[in-house]
> 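First the structure, then my questions, so here it is.
Note that ligands are numbered from 1 as they come in the structure, with each ligand's atoms numbered from 1 the same way. We use all heavy atoms of the structure for the numbers below, so side chains are in, but hydrogens, waters and symmetry mates are not.
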Amino acid sequence: MFFPGGRLFGIEWNTWKIVGWMANAAFATRFIIQWRATELRKQVVVPVVFWWLSIVGSLFLLSYAVFYRRDSVFIFANAFNWIPYIRNLVIHRRHVKAHVECRICQKVNPPGARFCMECGKGLPLAARD
Ligand SMILES: [Zn+2]
């Protein structure tokens, strides 16, 4: 390894330790981002990047568990996390696609809107629901 004695900060390093610590960094970053977004909006907010960081962190952690630790408890704890992460991204994508752009002023209106929030014109019927 590239550190004297293979240790830095008292930790013995190898490639899988780096993968494990990258997982920790992804998870820590997602909490900081989510907390900051919530503080800025003064309401609970979960930014989309939170789910992407969750996927990255859990994949790194699962790799670490499978290929380095080979611990069934650790593997099981991280084997299925991706399901709600992916599901949240799918729901988010559908929600974004359900927004309706006004033909008159191009304002993007929330799903289910009957009238444009900007100019008040009726929105296409097919775009509702
Ligand atoms: Zn409009």
Side-chain angles (χ1 to χ4, degrees):
M1 205 60 201
F2 40 87
F3 306 117
R7 298 180 81 84
L8 180 68
F9 306 122
I11 299 169
E12 189 178 319
W13 290 89
N14 61 45
T15 303
W16 288 112
K17 283 282 183 77
I18 293 169
V19 169
W21 279 102
M22 285 169 54
N24 281 341
F27 282 125
T29 302
R30 75 178 188 161
F31 283 122
I32 291 166
I33 287 170
Q34 192 276 328
W35 185 12
R36 183 173 187 276
T38 292
E39 293 289 348
L40 288 173
R41 294 275 296 270
K42 302 296 179 207
Q43 68 180 58
V44 177
V45 176
V46 183
V48 174
V49 71
F50 178 91
W51 302 114
W52 285 110
L53 285 168
S54 300
I55 291 168
V56 168
S58 65
L59 284 178
F60 282 152
L61 213 49
L62 183 61
S63 301
Y64 177 82
V66 169
F67 301 112
Y68 182 64
R69 294 292 302 269
R70 298 188 174 122
D71 179 331
S72 60
V73 173
F74 200 2
I75 292 167
F76 186 81
N78 293 285
F80 306 103
N81 295 355
W82 58 273
I83 296 170
Y85 302 156
I86 298 286
R87 182 64 183 150
N88 276 291
L89 286 172
V90 167
I91 290 170
H92 173 72
R93 186 176 183 90
R94 287 182 184 160
H95 179 78
V96 168
K97 284 181 75 175
H99 280 70
V100 186
E101 186 180 279
C102 176
R103 290 181 188 151
I104 309 301
C105 71
Q106 281 72 49
K107 166 81 177 175
V108 177
N109 294 277
R114 294 171 183 265
F115 299 96
C116 177
M117 292 172 21
E118 188 71 27
C119 69
K121 295 290 182 191
L123 294 169
L125 189 62
R128 292 179 196 151
D129 298 324

> In the hydrophobic cluster built from side-chain contacts under 4.5 Å, what are the other members alongside Ile33?
Val49, Leu53
> Give a yes or no answer on whether the side chain of Trp82 reaches the backbone of Ser58 with a donor-acceptor pair at less than 3.5 Å.
no
> Can you check whether Glu12's main-chain N or O pairs, donor with acceptor, with Asn14's side chain at less than 3.5 Å?
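Pair absent, no side-chain N/O of Asn14 close to backbone of Glu12.
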> Within less than 2.8 Å, report the number of protein N/O/S atoms around the Zn ion (ligand 1).
4
> With sequence neighbours excluded, tell me which residues meet side chain to side chain contact (heavy atoms under 4.5 Å, CB included) with Trp52.
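Once residues adjacent in sequence are excluded, the partners of Trp52 under the side chain to side chain contact (heavy atoms under 4.5 Å, CB included) criterion are Val48, Ile55, Leu89.
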> Kindly say whether Val45 contributes a backbone atom to a donor-acceptor pair with the side chain of Gln34 at under 3.5 angstrom?
yes
> List the residues meeting side chain to side chain contact (heavy atoms under 4.5 Å, CB included) with Asp71, not counting sequence neighbours, and say none if there are none.
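Here the qualifying residues are Arg69, Val73, Phe74.
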